2 protein chains.
Amino acid sequence: MSEEQKWLSEDEQRAWRALMAVVVLLPGALDTQLQRDSHLSNFEYGVLAMLSEAPDRTLRMSQLATLNDSSLSRLSHVARRLEERGSIIRRQCADDRRANIATLTDEGYALVKEAAPGHVARVRELIFDRLSPKQIGELEQIGDAIRSNLDPEKRMPTYVT
Amino acid sequence: MSEEQKWLSEDEQRAWRALMAVVVLLPGALDTQLQRDSHLSNFEYGVLAMLSEAPDRTLRMSQLATLNDSSLSRLSHVARRLEERGSIIRRQCADDRRANIATLTDEGYALVKEAAPGHVARVRELIFDRLSPKQIGELEQIGDAIRSNLDPEKRMPTYVT
DNA sequence: CGGAATTACTTGAAGCGTCAAGTTACTCGG
DNA sequence: CCGAGTAACTTGACGCTTCAAGTAATTCCG
């Protein structure tokens with residue numbers, strides 16, 4: 001891959017590589033910590049955390065999927081496993097009987113509650129410890145700029161630590 | 001998830017969410033374009049691109065794995081598929097017969113050569129079009145800072161578009 | 001009102017990644 | 001020079017994600 005029409009400039013290449021390194025390595029690093037300490041994947045954590053903040057610790061499957069940028073199918077499989085482990089329960093929604101609602105059990109709440117501090121500590125360690133306040137602001141700006149290209153409808157709003 | 005010991009500040013939260021949105025959405029967006037236009041995953045593209053830049057379009061499996069931040073096992077599976085499709089060939093290394101070397105075939109070279117412009121265009125569109133030169137510099141700085149936490153040995157050097 | 005389209009999921013199969021062996025080839029100390 | 005240790009993979013099984021289909025409930029509209 002060398003001489004193409006609109007290749008990236010040197011500066012862009014360096015930025016691109018740095019970004020890709022983060023994109024590739026960060027999910028693994030987060031999963032490792034969560035898996036080791038709480039036997040949860042990052043995605044499962046996201047699902048449980050989202051429920052823990054919802055009214056009655058309950059959300060529709062479709063909302064939960066959207067909030068975690070997940071397909072319904074993916075969520076459905078994960079929800080089954082989480083239900084088997086006793087972290088959530090699902091039942092038909094009364095208003096609209098096509099819909100299912102997922103509720104965090106007390107066990108599930110305890111689990112996520114216990115997992116949170118370690119997870120946040122890891123995030124802090126990996127991301128924020130070596131960034132200046134100025135850089136944190138810049139990161140937000142840049143991240144939002146990229147995100148608006150990736151997710152024009154702002155579907156993925158409240159990713160919770 | 002609310003009142004923990006060392007929670008993130010407001011600023012940190014916003015930066016964190018923006019970053020996570022990018023980390024979650026970007027790989028999918030890149031895969032979609034590559035898959036649609038060239039029937040390649042981002043990872044496969046990386047493998048082929050790396051080979052296309054190597055002397056004799058040839059690298060040891062272990063080097064190729066390191067360059068793409070992959071386990072040997074993952075690379076081995078992917079290499080088998082790429083070999084079945086005729087994009088690469090593998091053979092025993094003469095110097096060290098434990099080692100295998102992978103070589104890009106002409107078909108493989110044509111494939112990656114054809115895939116590159118569209119991929120780069122997509123990268124430009126998603127990342128750089130809405131970033132100022134100043135932000136591109138900041139992104140590199142921030143990315144490198146995070147990366148140095150994630151990958152202390154700087155194993156992942158030459159991620160190629 | 002009643003059939004067609006749509007919505008909200010669930011399910012099963014297929015593909016990819018990881019993890020734990022297994023194989024073969026070096027290498028190094030005695 | 002030979003046996004233990006290590007290195008460079010490959011393989012198989014398992015788990016998770018995706019994709020295509022299926023089901024059931026709701027809505028739309030003629």
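Chain letters run A, B, ... following the sequence lines, proteins first, then strands; residues in each count from 1. Predicted, not measured: the structure shown is a model, and the values here were computed from it.
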query = What salt bridge (Lys or Arg N to Asp or Glu O under 4.0 Å) pairs are there with at least one residue in residues 134-143 of chain B, not counting sequence neighbours?
reply = Arg14(A)-Glu140(B), Lys134(B)-Glu138(B)
task = Sequence neighbours left out, what pairs pass salt bridge (Lys or Arg N to Asp or Glu O under 4.0 Å) with at least one residue falling in residues 38-48 of chain B?
result = Glu44(B)-Arg85(B)
key: Which residues share a side-chain hydrogen bond (donor to acceptor under 3.5 Å, both in side chains) with Asp31(B), sequence neighbours left out   = none
inquiry  = Give me the atom names and distance for the closest heavy-atom approach of Ser38(A) to Leu111(A).
reply    = O-CD1, 4.1 Å
Arg130(A)/Asp144(B) salt bridge by N-O under 4.0 Å criterion = no
ask   = Think Arg90(A) has a side-chain N or O under 4.0 angstrom from the OP1 or OP2 of dT10(C)?
value = yes
key: Of residues 30-37 of chain B, the positions that come close to DNA chain C - non-hydrogen atoms, cut-off under 4.0 Å   = none
inquiry  = Roughly what angle, to 10°, lies between the helix axis at the start of the helix from dC1(C)-dG30(D) to dG30(C)-dC1(D) and the one at its end, five pairs per end?
reply    = 20°
ask   = With sequence neighbours left out, what residues match Asp96(B) under side-chain hydrogen bond (donor to acceptor under 3.5 Å, both in side chains)?
value = Arg98(B)
message = Just checking Glu84(A): does its CD atom have more than 12 heavy atoms from other residues, nucleotides or ligands closer to it than 6.0 angstrom?
response = yes
remark   = Glu107(B) and Gly86(B) have their tightest heavy-atom pair at CB-O, 3.9 Å
ask   = Taking atom CG of Leu75(A) and atom CE of Met61(A), what is their separation to the nearest 0.5 Å?
value = 4.0 Å
key: Whole-Å gap separating C1' (dC9(C)) and CD (Gln63(A))   = 14 Å
ask   = If only side-chain N and O atoms of Asn100(A) are considered, is one of them under 4.0 Å from the OP1 or OP2 phosphate oxygen of dA8(C)?
value = no
Start and end of the DNA chain D segment that chain A contacts, any atom under 4.0 Å from a heavy atom = dC16(D) to dT26(D)
ask   = Between residues 71-82 of chain B and DNA chain C, which residues have a heavy-atom gap below 4.0 Å?
value = Ser71(B), Ser73(B), Arg74(B), His77(B), Val78(B), Arg81(B)
remark   = Hits for side-chain hydrogen bond (donor to acceptor under 3.5 Å, both in side chains) against Arg122(A), two or more places apart or cross-chain, chain-then-number order -> Glu125(A)
request  = Measure the CG-CZ distance between Leu48(B) and Arg57(B) for me, rounded to the nearest 0.5 Å.
outcome  = 12.0 Å
message = Count I, L, V, M, F, W, Y as connected when their side-chain heavy atoms are under 4.5 Å apart, and connections chain through other members. Are Trp7(A) and Trp16(A) then in the same cluster?
response = yes
Residues that Arg36(A) engages under side-chain contact (heavy atoms from CB on, under 4.5 Å), provided they are two or more places apart = Gln33(A)
remark   = Under a 4.0 Å heavy-atom cutoff, the residues of residues 92-99 of chain A touching DNA chain D are Asp96(A), Arg97(A), Arg98(A)
task = For the residue pair Tyr45(A) and His119(A), categorise the inter-ring angle as parallel (less than 30°), tilted (30 to 60°) or perpendicular (more than 60°).
result = tilted
task = State which residues pass side-chain hydrogen bond (donor to acceptor under 3.5 Å, both in side chains) with Arg90(A); sequence neighbours excluded, sorted by chain then number.
result = Glu83(A)
